[in-house]
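Written below as structure tokens is the structure these notes are about.
Source: prediction; values computed, not measured.
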Amino acid sequence: MELNVLLFASWSDALGPNVTVHVPAVATVRDVLEAVLARAGGLALPTPLVAVNHRYAKPESPVRAGDEVALIPPVAGG
Amino acid sequence: MRTAIVEHVLDPAALLDEVASTDSGASTLFVGTVRRVNEGRDVTGIDYSAYGPMAESEMGMIAAEAEKRFGTSRIVVEHRLGTLTLGEASIIIAVSHPRRAPAIEAQRFLIEEIKKRVPVWKREHYADGTREWVEPTAGVVAGGAA
């Protein structure tokens, strides 16, 4: 399936505010991350976490069509 | 309890008023401000940006955790986004509680969890004209494992 992934901070600067990646129909967070990392090529970007529907998700968590998926680079609020 | 991502100048006195109660024996106010020097570099300002809906939801969860742990719902947090200059407040946390110890502990809990979990990013502007994302927990680069 085609999945739109939201990007922020240094990732957004490098690749734009979102990217569309192709992942298996039964996909995990790990699949999505690998697909976006492949898009980043050799760019030096900080390792992100992944959020699915506004919650941090583990690498083995499922991702379904229609989920809102975002890469979360190291946060620096406060 | 109220948490919000905002784009206006923060008002410490108003937030302190908001949590105040005659049942409270202590109110604490935390004001995070833009500092002149970071990692030895001269800072002139900071751009704050966020993944809005998730930042709102994560701050709400943290405040709910604080309410459960410390026994007060008198918690208000506002985090500001946009371009801030030196000395401006980026975050304000106000907590009120019948006793001072949990009021202080709740506030420490809130700021530490917010810094760890809420998807907000800052890009510092330096005196030499350059700008850089601040990535406190940055480790491996893209292409590596997560």
Side-chain angles (χ1 to χ4, degrees), chain A residues 3-21 23 27-63 66-78, chain B residues 3 5 30-35 38 46-62 77-81 84 89-93 107-108 110-124 131-146:
Chain A
L3 198 74
N4 186 49
V5 180
L6 304 177
L7 304 176
F8 297 94
S10 51
W11 279 83
S12 176
D13 279 358
L15 300 177
N18 56 75
V19 290
T20 302
V21 293
V23 291
T28 62
V29 161
R30 185 181 288 110
D31 296 327
V32 175
L33 188 56
E34 280 172 4
V36 183
L37 288 175
R39 203 63 75 77
L43 295 174
L45 292 167
T47 302
L49 296 175
V50 177
V52 177
N53 300 327
H54 307 155
R55 301 291 296 266
Y56 289 107
K58 292 180 179 149
E60 62 274 19
S61 299
V63 175
D67 282 345
E68 184 171 313
V69 181
L71 256 54
I72 310 292
V75 301
Chain B
T3 59
I5 297 282
F30 175 87
V31 182
T33 53
V34 177
R35 181 179 59 212
N38 192 28
I46 298 181
D47 294 327
Y48 281 91
S49 60
Y51 177 18
M54 180 171 171
E56 297 260 8
S57 124
E58 199 69 27
M59 284 208 312
M61 280 192 286
I62 292 167
V77 182
E78 285 191 353
H79 197 308
R80 183 178 167 192
L81 301 182
L84 277 65
S90 54
I91 185 166
I92 290 183
I93 301 172
Q107 184 175 64
R108 181 70 191 264
L110 286 157
I111 185 61
E112 299 301 338
E113 291 301 307
I114 287 167
K115 284 180 107 53
K116 271 188 272 184
R117 293 160 51 185
V118 176
V120 170
W121 297 278
K122 58 184 173 190
R123 181 162 48 186
E124 288 181 337
R131 295 177 180 198
E132 270 176 37
W133 293 103
V134 178
E135 288 158 339
T137 53
V140 191
V141 297

Q: Using non-hydrogen atoms and a 4.5 Å limit, figure out which bit of B:Ser49 sits close to chain A: side chain, backbone, both or neither.
A: neither
Q | Which of A:Ala70, A:Ala51, A:Pro73 touches chain B most, by non-hydrogen pairs under 4.5 Å | A | A:Pro73
Q.
Please give me the minimum heavy-atom distance between A:Gly77 and B:Lys115, naming the atom from each residue.
A. O-NZ, 3.2 Å
**Q.** Smallest separation among heavy atoms of B:Val118 and A:Val75, with atom names
**A.** O-CB, 3.4 Å
Q) Can you tell me how far CH2 of B:Trp133 sits from OG of A:Ser12, rounded to the nearest 0.5 angstrom? A) 7.5 Å
Q: Identify which part of A:Arg30 has an atom lying under 4.5 Å from any heavy atom of chain B, answering side chain, backbone, both or neither.
A: neither
Q. Which pair of heavy atoms, one from B:Glu58 and one from A:His54, lies closest together, and at what distance?
A. OE1-O, 4.4 Å
Q. For A:Asn53, is it the side chain, the backbone, both, or neither that has a heavy atom closer than 4.5 Å to a heavy atom of chain B?
A. neither
Q) From B:Arg123 CZ over to A:Asp13 CG, what is the distance, rounded to the nearest 0.5 angstrom? A) 5.0 Å
Q | Side chain / backbone / both / neither for A:Leu6 at chain B, heavy atoms under 4.5 Å | A | side chain
Q: Please determine, among B:Met61, B:Arg80, B:Glu132, B:Glu56, the option with the most heavy-atom pairs under 4.5 Å with chain A.
A: B:Met61
Q. Do you know which two heavy atoms are closest between B:Glu135 and A:Ser10, and how far apart they sit?
A. OE2-OG, 2.8 Å
Q | Whether B:Trp121 and A:Phe8 hold their rings parallel, tilted or perpendicular, with breakpoints at 30° and 60° | A | parallel
(Q) Which atoms of B:Ala55 are under 4.5 Å from chain A, going by heavy atoms: the side chain, the backbone, both sets, or neither? (A) neither
Q: Keeping the roles fixed (side chain from B:Tyr48, backbone from A:Gly78), state whether a donor-acceptor pair exists under 3.5 Å.
A: yes
